Amino acid sequence: MKKLLLIGWKDVTLAFRDRTALILMLLAPFLLTLGLGAVTGRFSGASSSGISHIPVVLVNQDGGSLGNALVTLFQSTDLGGLVDPTLSQDPAAARQQVDTNLADAALVIPQGFTDSIIPAQGQTAPVPAVQIELYTNPTTPTSVGVVKTILDDFLSQIEVGRVGGEVAVSQLVQSGRIQVQQAQAIGLEIGARQANASGQSTSIILNNTTSRGAAVPFDVLALLAPSMALMFLMYTVSYGGRTLLTERNQGTLPRLLVSPTTTIQVLGGKMIGIFLTGTAQMLILILGTTLLFHLQWGDPLAVVILVLAAVFAAASWGMLITALAKTPGQVSTIGLAIMLTFGILGGTFINTDNMPAWFQLVTKITPNAWGIDGFTTLAMGGGLPDIRTPILGLVCMGISIFAIAALLFNRRGLTER
Amino acid sequence: MSSILEVKNLSKKYGDFTAVNGISFAIQEGEIFSLLGPNGAGKTTTISMLSTLYTPTAGEASVAGHNVSGDPMAVRNLIGVVPQELALYDELTARENLVFWGQMYGLSGRTLKTRVQEVLEQIGLADRAQKRVKTYSGGMKRRVNIGVGLLHKPRLLFMDEPTVGIDPQSRRAILDSVKELNHQGMTVLYTTHYMEEAEELSDRVGIMDHGELIAMGTQTELTRQVGENDNLVLHIDENQNGEILAAAIRKIHNVLKADVTDHTVSVIVPEAEEILAPVITVANELGIKIRSVDIQEPNLESVFLSLTGRALRD
């Protein structure tokens with residue numbers, strides 16, 4: 001066992017002295033996470049805590065019950081962690097804040113908005129429709145999407161209330177329970193109640209409640225960071241596997257095999273080297289994103305266990321690639337192809353949740369899919385019991401793939417090919 | 001003296017190609033034994049089998065009584081290997097390389113530290129031990145490569161062409177270190193295609209060609225095989241036909257052999273001076289211009305030439 005660790009540690013040392021490898025192992029996933037985080041609006045505004053504090057400027061020129069209800073909704077404690085509203089009187093100034101990236105969106109509620117939906121008492125003539133203006137920052141699409149969804153939800157409830165009120169009043173008149181003359185007053189009352197209800201709650205649920213009942217804020221980086229880390233983990237394991245063939249070419253592998261070291265010890269040491277390098281890479285990325293982006297990965301113990309399982313599964317793929325290839329160049333080529341393929345299948349670039357069942361089944365051959373599943377569960381507040389399936393899947397994958405790789409090495413030999 | 005290495009009918013085949021064909025020899029404890037032969041003679045394959053890296057196709061070999069196929073781990077503990085190609089980690093320092101390889105040979109703690117320092121001083125790199133190997137010159141890398149093979153004080157050291165591609169100064173240092181190691185009691189199996197190295201170092205020499213051990217013995221014994229004959233070497237112009245000249249020289253009285261290599265005609269005769277005049281006459285008659293003439297006393301080169309009809313460099 002001591003020799004396994006010595007060989008493994010030597011490989012870790014060599015990997016971390018290789019500048020190119022370091023760039024691809026650590027810098028590339030970090031920068032991609034950073035870039036994608038910026039694209040999704042994760043780093044916009046004064047806040048650095050992600051889409052939980054979206055800066056929105058509210059201009060309420062309406063002053064009616066619905067306009068006030070909308071402002072109240074944005075200022076409600078329910079959305080307190082998600083949006084960070086400020087009030088303004090000037091629509092142009094609000095738009096200016098968006099243009100200068102001080103806000104992700106400006107919401108202008110024009111005068112007469114409430115009256116356009118709930119006519120004033122005694123008014124019988126039709127009122128022209130008044131539209132709310134949502135002025136958005138195109139560089140923060142995710143944040144804008146959240147604001148728009150909140151607004152749509154509010155308007156949808158208003159519409160439901162308006163239609164519901166009309167139906168209710170109509171039914172009351174038809175059944176003879178109220179007089180036609182009472183209809184407008186009752187309709188206004190229903191509308192006012194609905195408006196108040198709209199301001200008190202929202203159906204937008206971006207806070208997730210865990211099995212333990214604690215609410216955890218959603219962070220888009222909780223999806224991006226593990227996705228990138230897992231994709232570049234596949235690079236690391238193929239790099240690790242490549243060193244076996246490189247050592248064969250440069251003579252250090254034959255030299256190892258004429259020392260009192262068994263083939264199993266050499267292979268095991270290599271596997272440990274890949275495992276340690278991959279683990280170090282993942283933990284550095286996790287630590288880095290935690291410190292720099294304030295990303296919450298979840299239960300630390302569960303994260304570490306999931307990292308170990310994911311690296312084990314990925315490392316076995318690295319050994320299999322090495323067993324199939326004949327030259328270090330082939331390992332690089334196959335490794336790169338697998339890194340990208342697994343990235344796509346595993347959900348790094350596309351959301352696979354909406355894919356057909358057969359596609360989702362195929363994704364399970366990748367450590368990425370299991371890993372992303374586990375990491376997002378933990379980031380949403382899950383614990384170790386919630387990621388039993390991903391861990392089991394990764395460990396089973398690691399054992400079976402490594403067994404195939406060992407069989408191939410046994411058949412082909414390490415030095416005589 | 002007892003044999004530390006015994007080789008019997010050892011063969012290695014790759015498909016239809018026979019790299020080593022039934023060689024047999026033994027090396028006594030404390031001896032320097034050289035395998036001399038041109039590139040492709042089978043020297044490296046032989047060392048690879050003896051060091052347990054390759055499995056022999058046929059035959060057997062044992063180190064201090066341990067069969068290389070049946071008990072490879074015992075053999076590996078007794079031997080040290082200095083491979084032909086540099087087998088080091090460029091990104092590690094010389095000290096880190098030595099420490100790692102020492103650990104692979106089971107050294108640890110104070111023993112490892114002491115041996116690493118001793119070897120660094122032995123190879124003259126103690127003051128540059130903290131530099132990464134990639135910053136070293138070719139000769140310095142060669143010295144580290146040898147140092148790795150010495151760390152665990154092996155009883156039998158295999159050195160596979162350790163002086164290939166290095167400067168004369170480093171080569172001299174390596175040859176001196178081999179002699180020094182032998183004086184300290186280490187048995188050495190040394191392969192080379194340089195006749196001078198085999199002559200300088202070896203107690204006994206085995207000559208290999210095309211996978212076969214074609215001659216073996218002390219230098220005296222080997223040169224005796226070709227008799228006390230001289231080798232008259234004639235250098236001719238590139239556009240001259242050496243074969244015609246060799247054929248004509250073979251007809252001269254007392255000429256035992258005449259072979260052509262590149263633009264050189266080698267003539268084996270009992271006394272070179274005696275046939276020099278007739279040889280020049282024959283060349284003049286054929287219109288072949290002789291640029292220069294060397295007269296060589298019997299040596300391993302002439303033995304190889306005598307046995308194979310080719311020079312070692314072929």
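Just so we're on the same page: letters track the sequence lines, and every chain starts at 1. Since the model is a prediction, treat every value here as computed from it, not as a measurement.
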(message) If you compare all heavy atoms of B:S51 against all heavy atoms of A:V258, which two are closest, and at what distance to 0.1 Å?
(response) O-CG1, 3.3 Å
(message) Working note: B:F100 + A:L256, criterion side-chain contact (heavy atoms from CB on, under 4.5 Å); need CA distance, chi angles, decisive distance, verdict.
(response) CA-CA 10 Å; B:F100 174 74; A:L256 268 174; 4.1 Å; yes
(request) Tell me, for A:T13 versus chain B, whether the close heavy atoms (under 4.5 Å) come from the side chain, the backbone, both or neither. (result) side chain
(request) Measure across A:T262 and B:M73 and return the closest heavy-atom pair with its distance rounded to 0.1 Å. (result) CG2-CE, 4.1 Å
(message) For the OG atom of A:S259 and the CG atom of B:N77, what is their distance to the nearest 0.5 Å?
(response) 9.0 Å
(request) Look at B:E96 together with A:R17 and state whether they make a salt bridge at an N to O cut-off of under 4.0 Å. (result) yes
(message) Testing the basics here: between B:A87 and A:G251, what is the closest heavy-atom pair and its distance to 0.1 Å?
(response) CB-O, 3.3 Å
(request) Against chain A, work out which of B:I79, B:V75, B:V81 has the most heavy-atom pairs shorter than 4.5 Å and name it. (result) B:V81
(request) Count the heavy atoms of every other residue, nucleotide or ligand shown that sit under 6.0 Å from CD1 of A:I264, and state whether that count exceeds 12. (result) no
(message) For A:L14, which atoms come within 4.5 Å of any heavy atom of chain B: side chain, backbone, both, or neither?
(response) side chain
(request) Name the member of B:R132, B:Q103, B:H152, B:E85 that forms the most heavy-atom pairs with chain A at distances under 4.5 Å. (result) B:R132
(message) When you compare the side chains of A:E247 and B:Y89, does any donor N or O come within less than 3.5 Å of an acceptor on the partner?
(response) yes
(message) Less than 4.5 Å to any heavy atom of chain A: does that hold for the side chain of B:V148, its backbone, both, or neither?
(response) both
(request) Answer with side chain, backbone, both or neither: which region of B:E91 has an atom nearer than 4.5 Å to a non-hydrogen atom of chain A? (result) both
(request) Looking only at non-hydrogen atoms, find the nearest pair between B:R76 and A:L257 and report the distance. (result) CZ-O, 3.0 Å
(message) Given heavy-atom pairs under 4.5 angstrom as the criterion, report whether the side chain, backbone, both or neither of B:L86 touches chain A.
(response) backbone
(request) For the residue pair A:R255 and B:N145, establish whether any side-chain heavy-atom pair is separated by less than 4.5 Å. (result) yes
(request) Verify the neighbour count for atom CD of B:Q169: are there more than 12 heavy atoms of other residues, nucleotides or ligands below 6.0 Å? (result) no
(message) Less than 4.5 Å to any heavy atom of chain A: does that hold for the side chain of B:Y105, its backbone, both, or neither?
(response) both
(request) With the side chain counted from C-beta on, respond yes when A:Q250 and B:L88 share a heavy-atom pair under 4.5 Å apart, and no when they do not. (result) no
(message) Between A:K3 and chain B, with a heavy-atom cut-off of 4.5 Å, which part of the residue counts as in contact: side chain, backbone, both or neither?
(response) both
